[in-house]
Amino acid sequence: MFKLPELPYAPDALAPYMSAETLEYHHGKHHKAYVDKLNELTASGPFHGLDLDTVIRESAQDPAQKVLFNQAGQHWNHSFFWLSMKAKGGGAIPGALEKQLVADFGSLDAFKTEFRNACVSQFGSGWGWLVHDGEKLAITKTANADTPLVHGQTALLTCDVWEHAYYIDYRNMRPKYVDAFLTDLVNWERVEQRYQEALSTR
């Protein structure tokens, strides 16, 4: 059975950039609904007992399992998103990751601009990602429940740009939300850890 992960910080720890009310609805209702539906869909049948990554990879290949893929992908993406943030986030980027970002994007400002543009330009619901593609760092975006997991990429950082991620705090101002995410919420130490893990598994 799949479980809703606990937040790695208090519900009010990300305020004022992300409010306790947003987390109450986003984590406690939206994410929980994906987990509940995922458990319902995998209670029996060929996906019963499989781990989340396997459910995602196998359901992604079968158009008949689109509903299952959506729940599983959203569970994975949201679980990853919560860990991408921390109280008093943002700030300096750890050395090895900073060096690689500069190498692959030209500068930290160029990276942040490209990441911001990916998040803001994602039409409708979806996600902006920093990934390792096996050779270098890259920025991508996915719609709805799609995830780098099924595209041969290692996710390092994500920003949720579904409206339920920001509408309580920012209304329709997605660019302002993405700016706050990059400046005040990102857990760069976690991103650096994921980067090092990606290098070790190449």
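Hydrogens, waters and symmetry mates play no part in the numbers below; they use all other heavy atoms, side chains included.
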Test Ile56 against Phe69 for side chain to side chain contact (heavy atoms under 4.5 Å, CB included), laying out the working first. CA-CA 6 Å; Ile56 290 172; Phe69 174 78; 3.7 Å; yes
Could you tell me the separation between the NZ atom of Lys3 and the NE2 atom of His75, rounded to the nearest 0.5 Å? 11.0 Å
With rounding to the nearest 0.5 Å, note down the distance linking CE in Met173 to CG in Asp179. 11.0 Å
Do His31 and Trp82 come within less than 4.5 Å of each other through their side chains, counting heavy atoms only? yes
Who pairs with Asp146 by side chain to side chain donor-acceptor pair (under 3.5 Å), at least two apart in sequence or on another chain? His151
In this structure, CG of Leu50 is separated from CZ of Arg57 (nearest 0.5 Å) by 12.5 Å
How close do Thr22 and Ala165 get, heavy atom to heavy atom, and via which atoms? CG2-O, 3.6 Å
Tell me whether Gln153 contacts the main-chain N or O of Asp133 through its side chain, where contact means a donor paired with an acceptor under 3.5 Å. no
So Ile93 and Leu108, do their side chains get closer than 4.5 Å, heavy atoms only? yes
Which heavy atom of His27 sits nearest a heavy atom of Pro5, and at what distance? NE2-O, 2.6 Å
Please test Phe2 against Gln71 for side chain to side chain contact (heavy atoms under 4.5 Å, CB included), starting from the C-alpha separation and ending with a verdict. CA-CA 11 Å; Phe2 300 101; Gln71 311 310 313; over 6 Å; no
In the single-linkage hydrophobic clustering (I, L, V, M, F, W, Y; side-chain heavy atoms under 4.5 Å), do Leu4 and Tyr34 co-cluster? yes
To the nearest 0.5 angstrom, please state how far the CD atom of Gln122 sits from the CG atom of Asp160. 11.0 Å
Let's go through Asn77 and Thr147 carefully: what are the C-alpha distance in whole Å and the side-chain angles of both, what is the deciding distance for side-chain hydrogen bond (donor to acceptor under 3.5 Å, both in side chains) to 0.1 Å, and is it a yes or a no? CA-CA 7 Å; Asn77 289 353; Thr147 175; 3.1 Å; yes
Could you check if a side-chain atom of Pro175 sits within less than 4.5 angstrom of a side-chain atom of Tyr170, using non-hydrogen atoms only? no
Between Asn144 and Trp162, is there a side-chain donor-acceptor contact under 3.5 Å, judged purely by atom types and distance? no
Looking only at the side chains, is there a donor atom on one of Ser19 and Asp169 sitting less than 3.5 Å from an acceptor on the other? yes
Tyr17 atom OH, over 12 foreign heavy atoms within 6.0 Å: no
same_hphob_cluster(Leu83, Met85) at 4.5 Å side-chain heavy-atom cutoff: no
Hey, are Lys86 and Glu189 close enough for a salt bridge, meaning a charged N less than 4.0 Å from a carboxylate O? yes
Examine Met18 and Tyr167 and state if one hydrophobic cluster contains both, with Ile, Leu, Val, Met, Phe, Trp and Tyr joined whenever side-chain heavy atoms are less than 4.5 Å apart. no
Whether His26 and His30 hold their rings parallel, tilted or perpendicular, with breakpoints at 30° and 60°: perpendicular
When rounded to the nearest 0.5 angstrom, what is the spacing between CG in Leu149 and OG1 in Thr142? 11.5 Å
Please step through side-chain hydrogen bond (donor to acceptor under 3.5 Å, both in side chains) for the pair Gln100 and Asp104, ending with a clear verdict. CA-CA 6 Å; Gln100 196 61 48; Asp104 290 335; 3.0 Å; yes
Are the side chains of Tyr9 and Leu14 in contact, using a 4.5 Å heavy-atom criterion? yes
Tyr166 backbone acceptor or donor facing Arg171 side chain under 3.5 Å: no
Under a 4.5 Å cut-off applied to non-hydrogen side-chain atoms, are Trp127 and Phe81 in contact? yes
Could you pull out the closest heavy-atom pair between Ser121 and Asn117, with the gap in Å? OG-O, 2.6 Å
Evaluate His78 against His164 for ring pair (Phe, Tyr, Trp, His ring centres under 6.0 Å), listing each step before the verdict. CA-CA 12 Å; His78 278 88; His164 62 234; 5.7 Å; yes
So do Leu157 and Phe181 actually touch side chain to side chain, heavy atoms under 4.5 Å? yes
Side chains of Thr158 and Ser84 in contact at under 4.5 Å (non-hydrogen atoms): yes
Members besides Ile168 in its Ile/Leu/Val/Met/Phe/Trp/Tyr cluster (side-chain heavy atoms under 4.5 Å): Tyr25
Residues Ala145 and Asn70: closest non-hydrogen pair is CB-O, 3.4 Å
Side chains of Leu23 and Leu7 in contact at under 4.5 Å (non-hydrogen atoms): yes
Smallest separation among heavy atoms of Gly128 and Cys119, with atom names: CA-SG, 3.8 Å
From CA spacing to verdict: side-chain hydrogen bond (donor to acceptor under 3.5 Å, both in side chains), Asp51, Thr54: CA-CA 5 Å; Asp51 66 81; Thr54 302; 2.9 Å; yes
Verify side chain to side chain contact (heavy atoms under 4.5 Å, CB included) between Tyr195 and Leu137, making sure each step is shown before the conclusion. CA-CA 9 Å; Tyr195 170 62; Leu137 299 177; 3.9 Å; yes
Would you check, one step at a time, whether the test side chain to side chain contact (heavy atoms under 4.5 Å, CB included) holds for Gln196 with Ser200? CA-CA 6 Å; Gln196 295 297 341; Ser200 69; over 6 Å; no
How long is the span from the CD1 atom in Ile139 to the CZ atom in Arg116, to the nearest 0.5 Å? 12.5 Å
Any idea which heavy atoms bring Gly134 and His132 closest together, and the distance? N-ND1, 3.1 Å
Do NZ/NE/NH1/NH2 and the carboxylate oxygens of Arg194 and Glu197 come within less than 4.0 Å? no
